[in-house]
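Report on the following structure.
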Amino acid sequence: MGGYEDSPLKNENGAGGERSFLESLSDDSLLNYISQLSQGQTQALPQKQRESQRPRLSQLVEHQEKWGDRDKDHDKDQDKDQDQFEAQAQAQQDEGQDQYQYRDQEYSRDDYFHDKARQQLAQDEVFREKYGGGKGGGIFDGCSIYINGFTRPGRLQLHEMIVLHGGRFVHYMSAKGQVSHIVASNLPLKKRVELRNYKVCRPEWIVDSIKTKRLLPWQNYSLFQAQDQAQRPLPLLLPPVPVEENVVDCKHPHFLEQFFAHSRLHHLSSWKADLRAHFLEKFIENSSNPPPQVAPNQFTVLHIDFDCFFASVAALCTPDVDISVDPVVVCHGTKSSDIASCNYVARQYGIRNGMWVSHAEKLIPADVKLVRLSYNFDQFEVKSKAFYQVLHDLEFQLVLPISIDEAVCCVTRRLSREQCEELCQRVRSMVALKTACSVSVGCSDSLVLARLTLKRAKPDGYQILTQSELDQSFLTGLKPRDLPGVGPSLVDKLETHFQQRPLDLAQLQESSLNSLQRCVGEKLGNKIYLALRGKDDEESAKMLYDPQSVFQRKSLSIDINWGVRFDTIHEIDQFIDRCTQYLTDKLESLNRATSQITLRVMRRCKDEAIEPSKYLGMGRCDPFNRSTRLGVPTSEPGIIATEVKSSFRSLGCPPRDLRGIAIQFKLEDVRKRRTALQQQLKLPLVDASVYENLPQDVKKEVGQELKRRKIGISKAAKAASPAFRASSYEERFMQELPTQIRQEVRNDIRITKKARKTKLGEMQEHILKRQEKAKNYKAHFLGEASIFEPIQFQGETRFKKIIHMVLEWVDGTIPGEGPHEHDLHLFDKYLNRLSDANRLPLMLRLAKLVATRLDLRCEKYGSSNGFQEWEKVLLTVILPKLNKNKHTFQTVRKLDIDFDT
DNA sequence: TAGCGTAGCAAG
DNA sequence: CATCGCTTGCTACGCTA
């Protein structure tokens, strides 16, 4: 089984930006190709040749068999489709809204576009012969040119010029490697980024080359240079664009980055994750040595923690601030800004961490000045590093990271009181020496007591107490809140349950296990019961006995609950895309995958002000959760984003009421992954013997490509026949739909298939059942921005009727002048509404049907204005809509249809 | 009764 | 100016097969 190190090939575009031949293949084609190579059926071409000739395996291997009688069958298929349509339409006439109908469409790869491309190549040839373009010796010999968007001169004229002068006119950007030049007059930013590695030039390149009768250097006509110059602001009219430093608009592409850069909580979380990862790394590295086994009750632990870490470090970095005299707080602002950390002088006035600055100001006497310091995240890291270095140098058997400023250190034997004293003092003086900050230390023979003694030791001190020394007097001064795992909510529960406010730990110790469990639940009750006796519960002790499992990452998530203000679902979609990208990048670097995604949406409470008192804060919100199982682990941003967007819609939160978003991935178990799962879940595998048989020169390349795609090489797979197990395209297609839609499609297929075979009665029963279900579903989810709102076109909401209408419209206008502008505008609006509602399958189906229609009429009307107009509509209106959601577009890419225009 | 999805909580 | 309310993991609880 090959390892899965970080993929070196990720997005690695070579000069010229061409994808390598292997990269351009779909998984199936790749596997097919490998197996053929292995059997010597396909000639392994040298790199150069492969690049230029670029055999379309998809065509060679899979099309050929079907090609012959495909055209003949086409009309028949179409009729059959229509019949099915009618049958369903009939059966569902009374349902009124059959919006969720999808049909078992064959989205096979031998599609309109391939047929079309073939035909057009042939046409070009005819054209060239007819008008006597140079056979060889043409100006554009060897150039494959693609025209993007509106140009001047127009597409048709350029097409003619290119073909007549020996060039190849590329109609669709299906495999980007096939294109040598792209001609465009203007490109939107997104496109520019996408195509930045291509030779993109203005149409004048073609015109001028023909004029001068030689191929001019394309660089002189580079579109990007021209556009960059055009976009540069005039120096006097516009003020210099400031470097955007503080982006607080969540619609801005760099919002996440900016927000995180300033968020203390984000820093705390990621520091913690880093520390844990680092710990694991070391732990595994050292596991060749005898691993530090902690025997039950035979250890000493020190819980070590900085005194008001942020405040101390920030004060150290600021001259004229004395942490022992001035009341210091660390915060961003002056009013509704959270206090991240305050020193003990400030605490004397009742100021606490988490309090708003405005509140703190009120607590301070008029003659005292509250010192507000800003965060210095870099310095926090520096101090923390020094801190952990000290701990490592002290040669504890275990240094368990709790957070940036806090650690639990373990000695795997019981130390005498004197030894404990010495150790505590040693730690404190060493840290003070290296960081100029004070830490406090709690020391005991259990984790929980170390934690409690630490509380007592603060600030700037240490305390030692063993389980046997624990008595009433120690507990008397402590509150339930001091127990680990007990927060405000549990305190309230306990105080209510025991009718004692405030509640003392000494009192609580007297209550029975049973009583505690009734109050807070089984496990928590037990945990508190044990803690009051100085003992660790099993869950907490795991940290000592099996730190590896405790520190192993089990989930990955992103939470944004500040600055979230959107107006439209598109903006939210974009935001989801960015969040997903952020997470999948991490997934990639962790080399892990997810198969369960949870979306949490924070929605403004009905009675909460639009703008809460905290600047850009979330205010009071209602949370909504939705989780989805993918069935197959993935790290593909496209698949994941589709899923999340779908979940978002199903929660029906109006865009303007959104105040927070969280996306969480449950991670696959690291040990089970890749071996058992791959086989169980039918991920494609390449047989090791097949791989071994590959010619040497290709083997390495193929190996890298397989790794990039996370396709395993299996020694176990059957040596002989099917070299891989790849699911059908239909299945693949389904895999990439949002689960919710997928379920509907599946359901539909099942019903259609069954209805074909079974008796009328059964069919009706099914339909009744489904109607019922659909009704319930609908009742549940009807709301703003729901995906289930009926979408109208020409006063019609039934999709099958709409399809009929559109097809009639297409048919009726092809022989003439094409669609009327007004009609087109209405159609465009309808498509937008579909797109807004994420009704991808409907859009796909519509696109596919129009494409098929054009295909059918091509022979007869191919040269008519109407046909060409419609072709333009397909390429510039319909398909770009599918492209708009790049993530869903993936589905399409896999099918080898390229919807780029 | 196990397993699932959702919600809530605590921690730093 | 404001302000940067994250992220992980456990537990409880209600529901359903």
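Convention: sequence-line order gives letters A, B, ...; per-chain numbering from 1.
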Review point. Under 4.0 angstrom, heavy atoms only, what part of the nucleic acid is A/Arg659 near: base, sugar-phosphate, or nothing?
Key: nothing
Review point. Taking NZ, NE, NH1 and NH2 as the nitrogens, is one of them in A/Arg600 or A/Asp559 under 4.0 Å from a carboxylate oxygen of the other?
Key: yes
Practice item. Ignoring backbone atoms, test whether A/Lys614 places a side-chain nitrogen or oxygen under 4.0 Å from the OP1 or OP2 oxygen of C/dC4. Key: yes
Review point. Which residues pass the side chain to side chain donor-acceptor pair (under 3.5 Å) test with A/Ser540, sequence neighbours left out?
Key: A/Asp537
Practice item. Report the secondary structure of DNA chain C in dot-bracket form, marking unpaired bases with a dot and bases paired to a different strand with |, and treating Watson-Crick or G-U pairs with both distances under 3.5 Å as paired. Key: .....||||||||||||
Check your understanding: Looking at DNA chain C, which of residues 328-345 of chain A put a heavy atom within less than 4.0 Å of it?
Key -> A/His332, A/Gly333, A/Thr334, A/Lys335, A/Ser336, A/Ser337, A/Asp338
Taking only nitrogen or oxygen atoms into account, show me every contact under 3.5 Å that the protein makes with nucleotides 2-6 of chain B, one pair per line with its distance.
from  : atom 1 : to       : atom 2 : distance (Å)
B/dG5 : OP1    : A/Arg629 : NE     : 3.0
B/dG5 : OP2    : A/Arg629 : NE     : 3.0
B/dG5 : OP2    : A/Arg629 : NH2    : 2.9
B/dT6 : OP2    : A/Ser627 : N      : 2.9
B/dT6 : OP2    : A/Ser627 : OG     : 2.6

Side-chain atoms of residues 306-317 of chain A: list all donor-acceptor pairs with protein atoms under 3.5 Å, sequence neighbours left out, distances to 0.1 Å.
from     : atom 1 : to       : atom 2 : distance (Å)
A/Asp307 : OD1    : A/Ser440 : OG     : 2.7
A/Asp307 : OD2    : A/Ser438 : OG     : 2.5
A/Asp307 : OD2    : A/Asp460 : N      : 2.9
A/Ser312 : OG     : A/Asp307 : O      : 2.8
A/Ser312 : OG     : A/Cys308 : O      : 2.9

**Study point:** Sugar-phosphate or base contact per nucleotide [nucleotides 9-17 of chain C; S, B, -; heavy atom under 4.0 Å]
**Key:** SSSS-----
Review point. Of all residues at least two apart in sequence or in a different chain, which pass the side chain to side chain donor-acceptor pair (under 3.5 Å) check with A/Arg518?
Key: A/Asn514
Exercise for review: Check every atom of C/dT7, B/dG12, C/dA2 against the side chain of A/Tyr615 and return the nucleotide holding the closest atom.
Suggested key: C/dA2
Review point. Across the strands shown, which category fits A/Ser403 at heavy-atom distances under 4.0 angstrom: base, sugar-phosphate, nothing?
Key: sugar-phosphate
Contacts table for residues 377-386 of chain A: side-chain donor-acceptor under 3.5 angstrom, sequence neighbours left out:
from     : atom 1 : to       : atom 2 : distance (Å)
A/Glu381 : OE2    : A/Trp271 : NE1    : 3.2
A/Lys383 : NZ     : A/Thr435 : O      : 2.9
A/Ser384 : OG     : A/Ile404 : O      : 2.7

**Study point:** Basic-acidic side-chain contact under 4.0 Å: A/Lys251, A/Asp567
**Key:** yes
Sequence neighbours left out, cut at 3.5 Å: what donor-acceptor pairs do the side chains of residues 490-498 of chain A make with other protein atoms?
from     : atom 1 : to       : atom 2 : distance (Å)
A/Asp492 : OD1    : A/Arg501 : NH1    : 3.3
A/Thr496 : OG1    : A/Asp492 : O      : 2.6
A/Thr496 : OG1    : A/Arg501 : NH2    : 3.3

Check your understanding: So, does the side chain of A/Ser263 form a donor-acceptor pair with the base of C/dC4 at under 3.5 Å?
Key -> no
Practice item. Can you sort out which residues in residues 372-385 of chain A have a heavy atom within less than 4.0 Å of DNA chain C? Ascending by number, please. Key: none
**Study point:** Inter-nucleotide C1' distance (C/dG5, B/dC9), Å rounded
**Key:** 16 Å
Review point. If you check every side-chain atom of A/Arg481, which of C/dC6, B/dA11, C/dT8 has the closest atom?
Key: B/dA11
Practice item. Could I get the full list of side chain to side chain donor-acceptor pair (under 3.5 Å) partners for A/Gln389, not counting sequence neighbours? Key: A/Asp393
Practice item. Nearest whole angstrom, please: distance from the C1' of C/dT7 to the CG of A/Leu275. Key: 14 Å
Exercise for review: Would you classify A/Gly619 as touching base, sugar-phosphate or nothing, given that sugar-phosphate means primed atoms plus P, OP1 and OP2, and contacts are heavy atoms under 4.0 Å?
Suggested key: base
Practice item. May I ask you to verify if any side-chain N or O of A/Arg600 is less than 4.0 angstrom from the OP1 or OP2 atom of C/dG5? Key: no
Point to revise | Non-neighbouring partners of A/Lys614 that pass side chain to side chain donor-acceptor pair (under 3.5 Å), sequence neighbours left out | key: A/Asp338
**Study point:** Sub-6.0 Å ring centroid separation between A/Tyr582 and A/Phe260
**Key:** yes
Practice item. Using whole Å, report how far CZ of A/Phe306 lies from C1' of B/dA11. Key: 19 Å
Review point. Picking from C/dT7, C/dT3, B/dA10, which would you name as closest to the side chain of A/Leu490?
Key: B/dA10
Practice item. Determine, step by step, whether A/Tyr375 and A/His262 satisfy the ring pair (Phe, Tyr, Trp, His ring centres under 6.0 Å) criterion, reporting the C-alpha distance in whole Å, the side-chain angles of both residues, the deciding distance to 0.1 Å, and the verdict. Key: CA-CA 8 Å; A/Tyr375 297 81; A/His262 293 95; 8.9 Å; no
Check your understanding: For A/Leu256, which contact category applies under a 4.0 Å heavy-atom criterion: base, sugar-phosphate, or nothing?
Key -> nothing
Point to revise | N-O pairing of A/Lys335 and A/Glu361 below 4.0 Å | key: no
Review point. Rounded to whole angstroms, how far apart are CG on A/Asn561 and P on C/dT3?
Key: 18 Å
